[in-house]
Amino acid sequence: MEMDIDDASQLKGEEEKEKGKPIVVLLVGAPASGKSTFCESVMQASSRPWVRICQDTINNGKAGTKPQCLKSATISLKEGKSVFIDRCNLNKEQRVDFVKLGGPQVEVHAVVLDLPAKLCISRIAKRTGHEGNLQGGKAAAVVNRMLQTKELPKLSEGFSRIMFCQGETDVQTALNTYTALGPSDTLPHGCFGQKDPNAKTQLGIMKFLKRPHETNSQDSTCSQFTDGKGPCSKAQETVSSLSGTASQKIKVSEDPAVNSISQNDNDVPTLAFPSISTADFRFDLEKASNIIVEKVEQFMDKLGNTRLVLVDLTQRSKILSLVRAKAAQKNMDSKRFFTFVGDITQLHSKGGLHCDVIANAANWRLKPGGGGVNAAIFDAGGPALESATKNLAKSLLPGNALVVPLPSTSPLYSREKVTHVIHVLGPNMNPHRPNCLDNDYIKGCKILEDAYSSLFEGFLSIAKTKVKFPNRSSQGTQSELSVPDNKTEGILRNHFSHSEQETENCKNYESDRSKKCTKSENAVVVVGCKEQDLVSPLSGAASDETKAGENPAAGSISQHDDVPTLAFPSISTAGFQFDLEKASTIIVDKVEEFMDKLGNARLVLVDLSNRSEILSLVRAKAAQKNIDSKRFFTYVGDITRLYSEGGLRCNVIANATNWRLKAGGGGVNSAIFDAGGPDLEAMTKNQASSLLPGEAVVVPLPSTSPLYTREGVTHVIHVLGPNMNPERPNCLDGDYIKGCKILQDAYSSLFEKFLSIANTQVKIPKISGKSIPSEPSLPEEKIKGTLTKSWSPWVQALYKIAMQPEKYKNEVLEASDDVVVLNDMYPKAKKHLLVLARFEGLDCLADARKEHIQTLKTLHAVGLKWAEKFLHEDASLVFRLGYHSVPSMRQLHLHVISQDFESKHLKNKKHWNSFNTDFFRDSLDVIEEVNDMGKAILEDEKLLSLELRCHRCRSVHPNMPRLKSHISNCQAPFPAALNGRLVLVQSNSASDP
DNA sequence: GTTCTAGAAC
DNA sequence: GTTCTAGAAC
């Protein structure tokens, strides 16, 4: 069936007819579904005059009424402005008056932000000060209630156009659509993006997938579809038809969470492909992006409901942005072609994007290795892919593609549900690689075009066979297919050999159109749903669209979370095999029990996988009990990298440990001991040598532990739960009466210990009157003020030590009323100490004034004492004492550093120059300057990027390794400029004759 | 193909 | 402050 529609001429007519018509766009969505953000994003970039009418603020910044909104809208429309109606508009009644704003001169559109409730709730829970003023734990209840009465808008209400957005990708599409809408442009009428069960599918090969029953839950969208003006209306209809009602039902009842890739589309044949030739082969990105977009466009019509996805590893991928921009310009259907940031070998498992075919940017020998995508795909595909490839061809010419069906033994098949890999060889522009085209872009472009053509044709040939022609045997099908070439023919045969199941399913479609089919579709969607059931937006699929849309989700874990937070794994459910159902009940009960005592502290249940069953169970139960999701929530991520990878700051983490409190044994315990380093192990040993089931022990983390420096974790609480695993010691042998008791005890101990930490931690904004006498009162305002904001934990590390050295006994070498001495955590030389001033408010050298002169002198004296101590141990050392002009860490600290600079931590130019240019201010000079001029001379950070010069002979070196190798040998005397500033054992002139 | 840097993210 | 990694330099 042809998809060609002469849209150009139709649009033209439309434009002339409706030039300059203002539009009313009703945003439809729950609180925090992104309505305001949507409007603002469009308005920021649009050339059309827009007015956003927000009921939450229309009344001089306060919430107003519907009539106010209507009035304001009418005025704006008269002025020729288009209008966003930014209120929930969730049911027909709420919308009807706004629809009436429409008329012959005004079109009314709806943009439906039909995002998972969970996402909205988590956004609300995290945000403060939003106009809507719906915050905190009530959010869940409110949103859920609102969504229960949700009625999706229909064209029959009077809208001329409706866009349904059920994921970030959809939102981005809508954003692009409205942003690109110039003052005199118009948009095609009809429904877009809806996963409508009634949508009639009639195009080509897709006819067999037509929904068997028509439930009539929506009216007439489909007929309007066929009247739709744009080409995309048809296309979208086709796409969406695959997974209709089932997903909708689930959406309403189970709120599948964050999901930037519309999961409804995940049954659709999809090709994920890397940009060909632009990495190692160094093809010009601009040209490559043009070719990609053109080729995709050319194939668009033949694709049916299949999808093409350009994949790259990083958000910053230039080729992705170029392609996105160009595709948007061409108004390409972003449902059938989009970009995706992620690992092409883990799209399903990590990204939640199901692609049954992936392309490989191969080399001409079709061999693994070589880095990049090729190495990754061969790695992931395993030997099975290698041999399957070898069986089909030994080499590939530039511009060609080879379709390889994946044996079901390949991990890519089992884990990622990839059925085929298509190797593609593009042109090479890299002189260091074979067959370089030597910048001949005429040839190069031709070859790259051919490469994409071959790739897409190969994919189509697969897609066609996948859209099972149900009532035919595989043999029959084969003979009827137009097979592109011999290779593919062989491949197709292979494909059928491992897809009997699929063929079977197709028969169901054809022969049994009633319940069986529905059921199986439901099942499919449920599975997809679970996998996607991410907890928080943070862990969502790494779709770049997320970013582009300036999506509030990304920040939904609040940045200003100085709140005491305990992250804990589910105890006993992993290695100890405790029943998940029971465990989840206990967790929720215990959390509930402690909720009142928590103050503003938070508890976070953490698990590694999106698919974590315990997380979903706990989430469901916590939601049922309406537990404040601000103070208790679940999180998907590595508990040892919550801050560095997830941006979630947890000052305390729990460890599901073993009774010996020993490292190892896999799972969380191994990970935490690993991450904590030897310090954690040593500290743990100090606290206890073993643990009984149901008990917990608190281990304060030395500031030398990476968990402390990198993650800001101050305490680890080891917890031992009951063991139900017969292969582990002390198995309870299925005795869940005992087991539950112990598990309850374990959580009680855990939470109690956490509370005791939280209560003594300085950070708790103290509830009035309740002071904690033993603590020095730290100026919270100061922390909150100039230096912290949302800075990383390490910035504060020295300050904390200076203020409470007794808490850091393990690392403090010396402490007095005035100073604290400790080893630099990352010494840049054999000996490298820091002498901290214990002077409140002296954050850095810039703060030093006359009144600090005594402090400066004390720092110097103490530094000198330590340098001399070291000189006693090693007379060959030479020391300098001084300050960084602009330090990276808060609290004035004097560096005492030996001039060997022999250290693995000395890694880059900045490190070097911070000690070996004028950026490093010698302590004696500083004292003199402050004394004479009232402050110290500070040098600019520009000095840090100077060339690398030997500090002795002043020779220049091209890079750090060379410099380091040079200084390890350089024996030149120190420059005269350092006279009087070096601390060293006087050369033995005294004993000289 | 590897080494190294610089910039971003944390 | 470190870590990570793309891209430059070699």
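FYI, side chains are in, hydrogens and waters are out, and symmetry mates aren't considered; it's all heavy atoms of this structure.
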May I have the list of side-chain donor-acceptor pairs in residues 947-960 of chain A shorter than 3.5 Å, sequence neighbours left out?
residue   : atom : partner   : partner atom : Å
Glu947(A) : OE2  : Arg949(A) : NE           : 3.3
Glu947(A) : OE2  : Arg949(A) : NH2          : 3.0
Arg949(A) : NH1  : Arg954(A) : O            : 2.8
His951(A) : NE2  : Gln899(A) : O            : 2.9
Arg952(A) : NH1  : Ala972(A) : O            : 2.7
Ser955(A) : OG   : His957(A) : NE2          : 2.7
Ser955(A) : OG   : His966(A) : NE2          : 3.4
Asn959(A) : OD1  : Arg962(A) : N            : 3.0

Quick tally for nucleotides 3-10 of chain C: nucleotides whose base has a protein heavy atom under 4.0 Å get B, sugar-phosphate-only ones S, the rest -, giving SS-----B
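Using modelled atom types and a 3.5 Å distance limit, the side chains of Lys326(A) and Ser289(A) yield a donor-acceptor pair.
Looking at heavy-atom distances under 4.0 Å, Pro961(A) makes contact with sugar-phosphate atoms alone, never a base. Residue Met825(A) is classed as having no contact, given no heavy-atom separation below 4.0 Å to the nucleic acid.
One atom, CD1 of Ile897(A), and another, P of dG1(C), lie 11 Å apart when rounded to the nearest Å. Rounded to whole Å, the distance from NZ on Lys828(A) to C1' on dT2(C) is 9 Å. Distance NE2 (His884(A)) to C1' (dG1(C)): 11 Å, rounded to an integer number of Å. Rounded to an integer number of Å, the gap from His905(A) NE2 to dT2(C) C1' is 11 Å.
Taking the side-chain contact (heavy atoms from CB on, under 4.5 Å) definition, one finds that Glu902(A) meets it with Lys830(A), Asp900(A), sequence neighbours left out. Evaluation of the side-chain contact (heavy atoms from CB on, under 4.5 Å) rule for Ser349(A) yields Gln346(A), Arg415(A), Glu416(A), Arg611(A) as partners, not counting sequence neighbours. Partners of Phe870(A) under the ring pair (Phe, Tyr, Trp, His ring centres under 6.0 Å) rule, at least two apart in sequence or in another chain, are Phe879(A). Every residue meeting the side-chain contact (heavy atoms from CB on, under 4.5 Å) condition with Ala362(A), not counting sequence neighbours, appears here in chain and number order: Asn360(A), Leu366(A), Asn374(A), His423(A).
Comparing Leu642(A) and Leu948(A) by the nucleotide of DNA chain B whose heavy atom lies nearest to each, the residue mapping closer to the 5' end is Leu948(A).
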